[in-house]
Protein chains: 2
Amino acid sequence: MTEPAPRGRSAGRPKRPPTIIDVAAEAGVSRGTVSRVLQGGHNVSPAALEAVNAAIKKLGYVVNLAARSLVTQRSGSVAFLLTEPQERFFEDPNFTTLLRGCTAALAEHDIPLMLMTAGNEPERRRVIRYLAAGHVDGVLLVSSHTGNPMLEQLRQAELPVVSCGKPLGHRGRLAYVAADDKEGAKEMVRHLIDTGHRRVATITGPQDTPGGVERLYGYREVLAEYGIPYDEQLVAVGDYSRAGGEAAIERLLGQAPDLDAVFVASDLMADGALTALERAGRSVPGDVAVGGFDDSSVAATARIPLTTIRQPWDRISEEMVRLLLAQIAGEEPATVILPTELVIRDSA
Amino acid sequence: MTEPAPRGRSAGRPKRPPTIIDVAAEAGVSRGTVSRVLQGGHNVSPAALEAVNAAIKKLGYVVNLAARSLVTQRSGSVAFLLTEPQERFFEDPNFTTLLRGCTAALAEHDIPLMLMTAGNEPERRRVIRYLAAGHVDGVLLVSSHTGNPMLEQLRQAELPVVSCGKPLGHRGRLAYVAADDKEGAKEMVRHLIDTGHRRVATITGPQDTPGGVERLYGYREVLAEYGIPYDEQLVAVGDYSRAGGEAAIERLLGQAPDLDAVFVASDLMADGALTALERAGRSVPGDVAVGGFDDSSVAATARIPLTTIRQPWDRISEEMVRLLLAQIAGEEPATVILPTELVIRDSA
DNA sequence: CTGAAAGCGCTTACAG
DNA sequence: CTGAAAGCGCTTACAG
C-alpha cells in the first residue's frame with residue numbers, strides 16, 4: 001500500500017490529494033500524457049494509457065475541477081434557476097418533480113446542479129452577477145411568467161439557457177421544453193363533453209403564463225368544435241395555487257350555478273376546487289365533473305382522485321438537460337414539445 | 001461607457017470578462033493590492049481601496065472562482081446531500097422545506113448549494129468520489145436512517161458535515177441539528193390525554209430513525225406520567241409515508257378497535273390515517289382524535305386540518321448552515337436541539 | 001505518440 | 001501600506 005505521506009494541516013482541512021504530477025511520476029510519463037488520458041485517451045499509446053490508468057487507480061487520483069475550470073473556462077456545473085417566489089415554488093409539486101428529474105438527468109453526465117432562487121429584486125441581482133461571472137455553464141430556467149426580467153439579462157450574459165415552458169413575451173431564439181398544453185386541454189374538454197356534460201366551465205392559469213393561455217385556447221377550440229357557444233360566465237382566472245382554485249370555483253358557482261363540469265388548468269387548483277365544491281354540497285363527479293391538469297402528486301391523493309392530463313415530467317427534465325448540454329457544446333437553441341396523456345381517475 | 005472590446009470567440013462562449021490585471025491597471029495599483037481589496041480591504045490605504053473599488057465597478061469585474069479555488073483549496077460551495085431514495089424525499093414536504101431554507105440561508109453568504117442525491121449504491125459511489133475530491137467545502141446531510149453508509153466515508157474524507165437529525169448508530173462527533181423530538185411527542189400525547197382521551201394509540205416512524213425512536217419514547221413517558229399502562233396493541237410502526245400511515249391505522253383499528261386517539265409521528269402519515277379513518281366510518285376528532293408531527297404543508301391542507309407539533313424548519317436550516325460554515329472555518333462539530341410547538345387545528 | 005512549456009486568474013508570504 | 005513573484009493543478013498548442 002502506498003499511502004501518501006500525511007502532511008500537517010490546519011483545522012479540519014482534508015489532506016492534499018494526489019495531483020497529475022504524482023500520477024505522471026507513478027506511471028513514468030509526462031503530465032501532458034496523463035492529461036490526454038483524462039481527456040479521453042486519444043493520441044495515447046495503449047501502454048501509456050494502461051500505465052496511467054493503473055496509477056490513477058493506485059493513487060486514487062481525482063481531477064481538480066478548479067484547475068481544470070481555470071484553463072478550460074468552463075465550470076462543469078449547471079444552474080437550476082427558479083424565478084418564482086420561493087413559497088410558490090415549493091408549494092407546487094410540479095416544480096419538485098422537475099427538480100428531481102433534472103438532478104437525475106445531470107447526474108448521468110456527472111454534472112452537479114446548483115439550485116438558485118431569485119424571487120425578488122436583490123436576489124435577482126445577486127444571481128445574475130453570479131451567473132454572468134461564468135460560475136455555471138448554463139441555466140435551466142423555471143418560471144413561465146411573461147416579461148421575466150432575468151431573461152434579457154441572461155441573454156446579455158450569452159449564457160446557454162433552456163426554459164421550462166414557452167417563454168412568453170420574449171423575442172429571439174430561446175430554447176425551451178414544454179408539454180403540448182393546447183392539445184392536452186382539448187383532450188380533457190372533449191372528455192368532459194363526451195361524457196355528457198354541457199355546461200363546462202374552466203379555471204385557467206394566470207394569463208401571463210403559457211399554460212394559462214394555451215389551455216384556455218384549447219378549451220375554446222373544443223367548444224367551437226362541438227358548436228357550443230363560449231360563455232364568459234363559465235371562465236375564471238386562477239393563479240395555480242390551491243387557494244386560488246378554491247376561490248375561482250366559488251366565483252363560477254355564483255356566476256353559473258348550472259355548471260356541470262369544470263376543466264381546471266392545474267391539479268393543485270383542482271384540489272382546491274374539490275374542497276369548495278364539497279362545502280357547497282356539490283358531489284364530484286355526480287353534480288360536477290372535475291378535470292385537472294399535470295398529473296402531479298396531488299392528483300392521486302386528492303380527496304377524490306383526479307382525472308387529469310399528464311405532463312411527462314421525466315421526459316421534460318431529460319429534454320431540458322439534453323438541450324442545455326447541446327447548447328453548451330455549441331449547438332443552436334432548439335424547442336421540444338412533448339405530448340400529454342389523459343389519465344382517468346374518479347373526478348370526471 | 002467603456003465596453004470591453006469584443007473578442008472573437010467560438011460558438012456561444014461568453015466573452016472573456018475582465019481580470020484582476022485589468023482592474024489593477026485601471027486603478028493604477030498592483031494585482032496584490034486588488035486582491036487585498038477583494039479579501040476585505042485590510043492593509044490597504046483608503047485611496048487605493050477607493051481606486052480599486054471604482055475600477056471594479058467601472059469594469060464590471062467579478063472574481064473568477066475557479067482561480068480563487070485553485071489557490072485557496074476551497075470550492076466555495078456546499079452540498080445538500082439526500083441519501084434517501086429520491087421518491088421518498090420528494091414526496092415528503094419536510095424535505096422540500098428544508099431544501100428551501102438551506103438554499104436561502106446559504107444565499108445570505110453567497111454560497112451556492114449543490115443538490116445531490118444518493119439513493120442507491122452506484123449513486124453513492126459517484127457522490128462520494130465527487131465530494132472526496134474536494135469539490136465542495138462541506139455537506140448538509142439529510143437522511144436519518146441508522147447505519148447510513150455514507151457517514152463513515154464522509155468522515156474519512158474529513159469533510160465538514162452537518163446532519164439533519166441525530167445520526168443514529170454513529171460513534172464519534174458529528175454535528176447535527178434536530179428538533180426536540182421527545183419533548184414534542186410528550187406535548188402532543190399530553191394534549192390528547194388532557195382532552196379526555198384514554199385509549200391513545202401511536203403510529204411511529206421507522207425504528208432506525210431518531211424521530212421514530214424518540215417520539216415513541218415521549219409517548220411512553222407520558223403514559224407513565226399519567227399512570228396509564230403501555231399497551232403494545234396501541235402501537236404500530238410506520239414508514240413516514242402517506243400509504244404507511246393508512247396501513248398502520250388499519251392495523252391499529254383491528255388490534256384495538258376501542259382506540260379514541262392516535263399520535264402519529266408525521267403529518268404525512270397522519271394524512272393517510274385520516275383517509276383510512278373516514279373509510280372506516282370513524283369521525284375525526286369525534287370518534288378518534290388525530291395528532292400529527294411536523295406541521296408540514298400537508299397539515300393545514302389535510303381534509304381535516306391537523307393538530308400537530310411544529311418543527312421549526314426555518315431555524316433548523318439556518319442552524320445547519322451556521323454550524324457547517326463554522327466547521328468549515330475550523331471549529332469543532334456542535335449540536336443544536338431546537339424546541340417544538342403544539343399547533344392546534346381541527347383533528348384533535 | 002510524447003514531452004516541455006506557457007498560461008488560465010487568483011492569493012499570499014516575503015521584502016521593503 | 002505595497003509590489004514582485006511564486007505557486008495552486010490542470011490543458012493545449014507546439015515541436016519533435
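Naming convention: chains lettered A, B, ... in sequence-line order (proteins, then strands); numbering from 1 in each chain. Quick caveat: nothing in here was measured; it's all calculated off a predicted structure.
Dashed line: the shortest gap from a side-chain N or O of B/S45 to OP1 or OP2 of D/dC1 is not under 4.0 Å. For the OP1/OP2 pair of C/dC8 and a distance below 4.0 Å, the side-chain nitrogens and oxygens of A/S69 include no atom meeting the criterion.
In terms of the ring pair (Phe, Tyr, Trp, His ring centres under 6.0 Å) criterion, residue partners of B/Y130 (sequence neighbours excluded) are, by chain and number, B/H135. B/S75 is linked by a side chain to side chain donor-acceptor pair (under 3.5 Å) to B/S77, B/D137, counting only residues two or more places apart in sequence or in another chain. By the side chain to side chain donor-acceptor pair (under 3.5 Å) test, A/Q153 pairs with no residue at all, sequence neighbours left out. Residues satisfying the side chain to side chain contact (heavy atoms under 4.5 Å, CB included) test with A/R126, not counting sequence neighbours, are A/E123, B/A107, B/D110. Residues forming a salt bridge (charged side-chain N to carboxylate O under 4.0 Å, His left out) with B/R124 (at least two apart in sequence, or on another chain): B/E121. Every residue meeting the side chain to side chain donor-acceptor pair (under 3.5 Å) condition with B/E332, not counting sequence neighbours, appears here in chain and number order: B/R173.
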Run the side-chain donor-acceptor check on residues 38-57 of chain A: report pairs under 3.5 Å with partners two or more places apart or on a different chain.
from  : atom 1 : to    : atom 2 : distance (Å)
A/S45 : OG     : A/A48 : N      : 3.2

Contacts table for residues 27-34 of chain B: side-chain donor-acceptor under 3.5 angstrom, sequence neighbours left out:
from  : atom 1 : to    : atom 2 : distance (Å)
B/S30 : OG     : B/G32 : N      : 3.4
B/S30 : OG     : B/T33 : N      : 3.4
B/S30 : OG     : B/T33 : OG1    : 3.4
B/T33 : OG1    : B/R36 : NH1    : 3.4

Identify each donor-acceptor pair in which a side-chain atom of residues 315-323 of chain B lies under 3.5 Å from a protein atom, sequence neighbours left out, and give them as a table.
from   : atom 1 : to     : atom 2 : distance (Å)
B/S317 : OG     : B/W313 : O      : 2.7
B/S317 : OG     : B/D314 : O      : 3.2
B/E319 : OE1    : B/R322 : NE     : 3.2
B/E319 : OE1    : B/R322 : NH2    : 2.7

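Rounded to whole Å, the separation between the C1' atoms of C/dG16 and C/dT12 comes to 16 Å.
Formation of a donor-acceptor pair under 3.5 Å by the A/T335 side chain with backbone atoms of A/A175 is not found in this model.
Counting only Watson-Crick or G-U wobble pairs whose defining distances are both under 3.5 Å, the stems of 3 or more consecutive pairs in DNA chain D are C:1-3 with D:14-16, C:5-12 with D:5-12, C:14-16 with D:1-3.
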(message) Return a single string for nucleotides 9-16 of chain C, one symbol per nucleotide in 5' to 3' order, where B is base contact, S is sugar-phosphate-only contact and - is none, cutoff 4.0 angstrom on heavy atoms.
(response) BBBBB---
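Of the residues in residues 46-53 of chain A, none has a non-hydrogen atom less than 4.0 angstrom from any atom of DNA chain D.
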